[in-house]
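If you're wondering where the values come from, they're calculated on a predicted model, not measured in any experiment.
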Amino acid sequence: MKVYHGDTVKQNKDSLFSLLVLAGLWALFHHRVLFLGQTFVMEDSSRFFFPLWKWGSDVLHQGLIPLWNPDAGLGTPYLADPEMAVWYPPLRLLYFLFSPVSAFSLAIVGHHLLGMAGFWCYARERGSSPWAALAGALLFGFPIAVVCFTWDPAMLLAYAWVPWIFLACERLWNGRPGAFLCFSFLVAMQMGAGYPLFCYLTVLALTLEWLLRSKSQLEKLGREKWLVCAGWWVLGLGLALAFNLSWGLPFFEFKGLSNIDRRLGMAQSLPLENLMTWLDPFHSGHPLHHSSPIPYWLSSFFMGIPAFVAVAWGVFKRRVEIIPLGLLLFFTVLAMGSTLVLGDAAKWVLPFYNWVARSGYLLILVFFYVARLSMGVFAELVEGKMEGKVEWTWFGLTLSFFLLAFWTGTPMDLVSAWVACAMCLFAALKDFFPPGARWAFLICAIVLSLGPPDRSVNLTMERAFYDEKPLVLEKTRMSGRIYQSPKVTDSYGVLSASSVSGIYGHLKEALAPNFPLAFGQEEVSYVNPLMLNFYLRCYLWQGDGPPQKVLDYLSAQYSMNEEGEISKNPGAYPKWFSVRTAGPLRLWQGSHAFPFLLPDDLRDTCVILNSSVYGEYSPREVSEAFRDPGRIDLKAQGKGRALLVSSETAYPGWSASVNGNRRSLEIVNGGFRGLVLNDGEEEVSLSYRPNSFKLGCFLSLLVLGLWLGMVLNWGRERFNA
């Protein structure tokens with residue numbers, strides 16, 4: 001690899017030009033979003049992230065912290081869900097400055113550019129030329145699976161920080177000033193970006209690389225400096241974790257009450273045939289015309305044929321770095337999961353590796369190390385000193401792999417693939433073209449090899465898709481929870497239409513789960529990877545959904561059927577009311593999804609865990625005086641001792657104040673909030689103020705203050721110098 005030795009005029013020009021090329025290709029790829037007013041709708045981007053991120057930003061604009069979401073799934077923690085990215089500064093800034101649709105789109109395209117720029121800077125820090133850095137950045141930013149991260153934006157946000165963290169760690173290992181601050185801050189950003197598992201994998205890769213490089217680092221730094229550097233590295237990770245405790249502590253409180261253990265038990269490994277996607281991106285089918293139990297963005301290795309040629313040539317010629325090559329092979333095997341055995345064995349060796357339920361998550365490290373190795377090989381090919389007019393090994397490997405790609409499924413009439421092949425071949429003609437031209441050939445080969453498949457999965461729609469309400473909401477004045485049965489919800493998993501707009505237009509108009517939240521509605525049929533166990537028992541019941549009496553109790557004001565027709569439920573109860581009788585909770589004897597035996601008349605009777613409050617109660621007229629996401633004020637008019645019950649989830653952190661005095665809440669009907677009022681007590685205020693958030697927020701702000709102090713100290717030293 002050629003080492004960068006100074007800031008010459010030519011090098012500066014090359015750096016600027018390579019960055020302009022990178023930005024231009026990024027802008028061209030996202031031109032529909034940047035210039036034509038379109039936005040991302042595919043998969044989870046529209047069915048999960050947009051409505052929930054918009055909901056949270058709306059609450060923040062009210063001056064409130066969205067700790068709790070009362071509009072989804074009978075009430076559920078919001079900030080405690082990592083994918084909500086409430087504590088992620090870049091997302092908060094975008095939603096503060098722009099409309100929800102613009103902020104959502106800019107978060108996706110901006111982080112795509114951020115990731116590629118990070119890789120370019122990382123490559124330059126390691127001594128690569130501007131053109132090698134450009135090649136590596138394109139290979140890091142445009143694998144087809146990464147393009148599909150726009151379908152799961154939290155993954156893209158977390159992925160974008162991978163090269164920046166490697167850059168900061170490289171500077172930390174080299175003793176560069178400010179490296180510790182940058183390292184701890186960047187790890188914290190990746191951890192809070194919505195997919196903390198990617199942070200775990202990034203730190204895992206850094207740890208393994210640190211261990212493998214420790215001998216050379218000891219010789220370079222000396223034992224004392226090496227230990228100091230290791231200490232700063234561990235402290236940086238600790239600060240990053242502490243900054244994220246604002247949501248991290250609530251998450252661990254949420255974890256024990258959620259379905260996460262069951263989800264982690266549904267491990268998915270890639271089948272052996274997925275290795276063919278190195279050559280043919282759609283070997284297992286195009287994601288728009290293929291149904292697979294493994295998400296497409298976690299199953300395709302495709303990074304373009306030039307990258308595959310580069311790694312193979314580098315290995316054959318022994319022109320690759322040994323440690324990155326070893327890590328690439330290691331993470332490729334891990335990415336196959338139990339298929340190649342090592343994925344299962346790693347759970348017994350690597351701490352917390354059991355959280356990697358889908359082996360395809362490891363693809364992010366595969367992409368990083370392929371890009372890192374490829375740019376070094378490209379530099380050796382173009383800038384290295386080699387004998388002969390033509391590099392025949394490169395020539396032969398290029399022809400072999402491109403022909404193999406055509407044989408495995410790449411269309412023979414795909415002109416761009418043939419041109420990419422020709423460009424790759426021209427790069428081997430050392431005495432016929434100058435280095436600048438050969439770099440241009442390689443960059444074009446990468447773009448032409450990746451461009452067509454990337455474009456085929458980068459599907460967008462007009463922003464009116466989010467801006468305009470569904471017709472069913474325009475025609476009716478709806479308020480209250482909307483219910484869809486599990487059967488109807490499952491039907492949305494397999495959709496077909498003549499266009500993307502047809503598919504997602506149907507979902508929107510049918511008010512499929514999560515869509516109502518984007519338009520100010522409440523829903524029972526909440527869908528999220530992380531859900532409360534109690535909610536799932538209520539919603540799924542015995543697989544067919546709750547019976548009518550329970551549906552009424554859940555305050556489901558409206559129901560949607562399979563034809564997308566909405567009907568009002570006249571028997572729906574209010575969310576809070578009083579009952580006359582409270583008795584003991586009894587368990588079912590069978591294997592029902594909901595394990596409690598509920599009373600026949602839920603309007604009049606409830607079951608309760610606390611035996612001291614069994615008995616008869618006086619009726620009250622209950623009304624809501626005030627409500628926001630984390631607080632409810634009630635008036636319960638009437639005389640005598642009363643028991644208020646609700647269809648809102650009981651959860652740690654909820655407390656009540658009665659006539660200004662603290663009062664503990666009861667758990668009624670298996671997992672809902674209830675409250676006993678004595679004679680003369682009529683005013684009730686319930687609030688969600690979890691201690692886990694208070695402690696986590698204090699520690700987060702403490703770390704923020706420490707970072708600010710380090711920045712000010714660094715600025716003072718620079719000024720005095």
Carefully, step by step, assess Trp55 and Asp71 under the rule side chain to side chain donor-acceptor pair (under 3.5 Å).
CA-CA 9 Å; Trp55 187 94; Asp71 298 339; 2.9 Å; yes

Value rounded to 0.5 Å, distance of [atom1] in [X] from [atom2] in [Y]:
X: Phe243; Y: Phe185; atom1: CZ; atom2: CZ; result: 7.0 Å
X: Trp173; Y: Ser214; atom1: CH2; atom2: OG; result: 10.5 Å
X: Met189; Y: Leu157; atom1: CE; atom2: CG; result: 11.5 Å
X: Ile144; Y: Phe301; atom1: CD1; atom2: CZ; result: 14.0 Å
X: Leu329; Y: Tyr369; atom1: CG; atom2: OH; result: 12.0 Å
X: His30; Y: Asn458; atom1: NE2; atom2: CG; result: 6.0 Å

Can a donor-acceptor pair be found, under 3.5 Å and without considering hydrogens, that links the side chain of [X] to the backbone of [Y]?
X: Asn514; Y: Arg47; answer: yes
X: Asn259; Y: Leu532; answer: no
X: Thr649; Y: Phe672; answer: no
X: Glu321; Y: Leu373; answer: no
X: Asn69; Y: Pro77; answer: no
X: Trp26; Y: Val109; answer: yes
X: Ser184; Y: Gly236; answer: no
X: Trp151; Y: Phe40; answer: no
X: Thr76; Y: Gly73; answer: no
X: Trp210; Y: Cys169; answer: no

Distance to the ring centre below 6.0 angstrom and angle to the axis at most 45 degrees; does that hold for Lys508 and Phe465?
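Yes, cation above the ring, under 6.0 Å and within 45°.
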
Ignoring hydrogens and geometry beyond distance, is a side-chain donor-acceptor pair present between Ser269 and Arg358 at under 3.5 Å?
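No, Arg358 and Ser269 have no side-chain donor paired with an acceptor closer than 3.5 Å.
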
Residue Arg455 excluded, over 12 heavy atoms near CZ under 6.0 Å
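For Arg455, atom CZ is not crowded (no more than 12 foreign heavy atoms under 6.0 Å).
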
Leu275, CG: over 12 other non-hydrogen atoms inside 6.0 angstrom
yes

Criterion side chain to side chain donor-acceptor pair (under 3.5 Å) on His286 and Ser456, from CA distance to verdict:
CA-CA 9 Å; His286 192 281; Ser456 76; 3.2 Å; yes

Could you tell me if the side chain of Leu511 sits less than 4.5 Å from the side chain of Gln484, heavy atoms only?
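Of all side-chain heavy-atom pairs linking Leu511 with Gln484, at least one is under 4.5 Å.
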
State, yes or no, whether a side-chain contact exists between Asn274 and Ser284 at a heavy-atom distance under 4.5 Å.
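They are in side-chain contact.
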
Stepwise side-chain contact (heavy atoms from CB on, under 4.5 Å) check, Val356 with Tyr200:
CA-CA 9 Å; Val356 187; Tyr200 166 77; 4.0 Å; yes

Report the C-alpha separation of Tyr195 and Phe198 in whole Å, then their side-chain angles, then the decisive distance to 0.1 Å, and conclude whether the ring-ring contact (aromatic ring centres under 6.0 Å, His included) test is met.
CA-CA 6 Å; Tyr195 226 81; Phe198 280 11; 5.1 Å; yes

Can the ring centroids of Phe29 and Phe142 be said to lie less than 6.0 angstrom from one another?
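Yes, they do, as the ring centres are separated by less than 6.0 Å.
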
Going through the distances and angles, do Thr39 and Ser105 end up as a side chain to side chain donor-acceptor pair (under 3.5 Å)?
CA-CA 6 Å; Thr39 189; Ser105 301; 2.7 Å; yes

Evaluation steps, ring-ring contact (aromatic ring centres under 6.0 Å, His included), between Phe368 and Phe119
CA-CA 9 Å; Phe368 176 80; Phe119 194 95; 5.7 Å; yes

Tyr526, Tyr492, Phe48 screened by side chain to side chain contact (heavy atoms under 4.5 Å, CB included) with Pro513, the one that passes:
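Output: one option passes, namely Tyr492.
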
Give a yes or no on whether a salt bridge exists between Arg372 and Glu209, defined as a side-chain N under 4.0 angstrom from a carboxylate O.
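Looking at Glu209 together with Arg372, the answer is yes, because their closest N to O distance falls below 4.0 Å.
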
Evaluation steps, ring-ring contact (aromatic ring centres under 6.0 Å, His included), between Tyr688 and Trp654
CA-CA 4 Å; Tyr688 181 63; Trp654 275 100; 5.6 Å; yes

Holding to ring-ring contact (aromatic ring centres under 6.0 Å, His included), I want the full list of residues that pass it with Phe693, two or more places apart in sequence or in another chain.
none

Would you please test Tyr159 and His112 for ring-ring contact (aromatic ring centres under 6.0 Å, His included) and show each step?
CA-CA 9 Å; Tyr159 180 74; His112 192 203; 8.7 Å; no

Does the pair Gln190 and Thr202 meet the rule for a side chain to side chain donor-acceptor pair (under 3.5 Å), with working shown?
CA-CA 9 Å; Gln190 188 189 37; Thr202 304; 3.0 Å; yes

